[in-house]
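Please read the structure below before turning to the comments.
Any value given below was found using the heavy atoms of this structure, including those in side chains, with hydrogens, waters and symmetry copies removed.
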Amino acid sequence: MNHSSAEAEAETIEPLRYLKGEAAAIETELLRDYRFGQQQLIEIWGQACALAITKAYPLGSLTKKQPTVLVICGPDQNGSIGLVCARHLRMFLVQEYEPTIYHPKRSSHSLHQDFTVQCEKMDIPFLSYLPTEVQLINDAYNLVIDAMMGPEADCANIKEPYSGILVTLKQIKIPIASVDVPSWDVEERSQDGINPEVLISLTAPKKCATSFTGKHFLAGRFLPYDIQKKYELNLPDFPGTDCLVEL
């Protein structure tokens, strides 16, 4: 390929698309038309989140003697993804992460309950409350995984206990890794929100992530090509057989 041809090809590469309301439409199509199951999608996303954590925070990089991780789960789908993430971290026996879950408001949804039981059966500890004394969190854990508010959440109207949790998270010194949407509005980053070091976008990145400057992973390799084309997602190439890619 000559130089001009290479330049022409480079010019035709479309930029990665950042989603707004399309995320819900894509999920609906996956469930309805492609016959993915809700549990299947949550499992795919949760495992990808756990793998992203191992890439962003390999054991040798953790500052504390014990490889402790605090996973804070919301009541909806993002919380379920957080539960699956915690379970996979617990199962990476070679890595030996030590997740603890804070799950203050459990969902009555049967899938959510199933994921909770799986974590309990894996002997993952659940906190009964989150310390308001920030130093206790800093001392006990290497990082926090924020699996509270997903793209469907109304971040302008966050109620307790999550509004209080966010106040605490804004004060901690240890890193935060957020699942899909860092408890911001899906379309715009909140200047008053938490400041995660890592973001793990699911399916495709959301509009609020356009201004994110930390380490950013995308878990979207499972998407059928017809959906990728229909929504013009322009996903990047995933390395080797990896289920996620760093953007």
Path from Leu247 to Tyr231 over hydrophobic side-chain contacts below 4.5 Å: yes
Gap separating the CG atom of Leu199 from the CD1 atom of Ile176, nearest 0.5 angstrom: 12.0 Å
Minimum heavy-atom distance between Pro67 and Leu59, given as atom pair plus value: CB-CD2, 3.5 Å
Nearest-0.5 Å distance, NZ of residue Lys230 to CD of residue Glu22: 11.5 Å
Pairing of Lys55 and Asp242 as salt bridge, 4.0 angstrom limit: yes
Residues in ring pair (Phe, Tyr, Trp, His ring centres under 6.0 Å) contact with His88, at least two apart in sequence or another chain: none
pair Leu51-Phe217: side-chain heavy atoms closer than 4.5 Å: no
Atom of Asp146, atom of Met149 and distance for their closest heavy-atom approach: OD1-N, 4.5 Å
Heavy-atom side-chain proximity of Thr100 to Val71 below 4.5 angstrom: no
Gln40 side chain to Gly37 backbone, donor-acceptor under 3.5 Å: yes
Side chain Asp180, main chain Thr203, donor-acceptor under 3.5 Å: no
Min side-chain heavy-atom separation Glu29-Ile227 under 4.5 Å: yes
From Leu41 atom CG to Leu31 atom CG, the distance as rounded to the nearest 0.5 Å: 5.5 Å
Polar side-chain atom of Glu96 near backbone of Phe92 as donor-acceptor pair, under 3.5 Å: no
Test side-chain hydrogen bond (donor to acceptor under 3.5 Å, both in side chains) applied to Tyr97 and Gln66, step by step: CA-CA 8 Å; Tyr97 289 86; Gln66 299 300 113; over 6 Å; no
Non-hydrogen side-chain atoms of Pro205 and Leu218 separated by less than 4.5 Å: yes
Gln228 side chain vs Leu223 backbone, donor-acceptor pair below 3.5 Å: yes
Check: Val179 main-chain N/O paired with Asn78 side-chain donor or acceptor under 3.5 Å: yes
Note, Ser201 side chain near His216 side chain (heavy atom, < 4.5 Å): yes
CZ on Phe238 to CZ on Phe222, rounded to 0.5 Å: 9.0 Å
Closest non-hydrogen atom pair between Leu70 and Leu130, with its separation: CD2-CD1, 3.8 Å
Closest non-hydrogen atom pair, Arg17 against Ala204: O-CB, 4.3 Å
Lys173 side-chain N/O to Gln171 backbone N/O, donor-acceptor pair under 3.5 Å: no
Sidechain N-carboxylate O distance under 4.0 Å for Glu120, Arg106: yes
Contact check, side chains of Gln77 and His112, non-hydrogen atoms, under 4.5 Å: no
Side-chain heavy atoms of Leu89 within contact of Cys49, under 4.5 Å: no
Polar contact flag, side-chain donor to acceptor under 3.5 angstrom, Glu160-Ser163: yes
Basic-acidic side-chain contact under 4.0 Å: Glu246, Lys215: yes
Euclidean distance, Phe115 CZ relative to Ile81 CD1, rounded to 0.5 Å: 9.0 Å
Separation between OH of Tyr102 and OH of Tyr141, rounded to the nearest 0.5 Å: 11.0 Å
Glu43/Arg87 salt bridge by N-O under 4.0 Å criterion: yes
Neighbour count >12 (heavy atoms, 6.0 Å) for atom NZ, Lys105: no
Asp226 side chain vs Pro224 backbone, donor-acceptor pair below 3.5 Å: no
Short side-chain to backbone donor-acceptor contact, Asn142 and Lys64, under 3.5 Å: yes
Pro75 and Tyr162, any side-chain heavy atoms less than 4.5 Å apart: yes
Asn138 side-chain N/O to Ile172 backbone N/O, donor-acceptor pair under 3.5 Å: no
Short N-O contact, Glu98 and Arg90, less than 4.0 angstrom: no
Nearest heavy-atom neighbours spanning Glu197 and Tyr57: OE2-OH, 2.9 Å
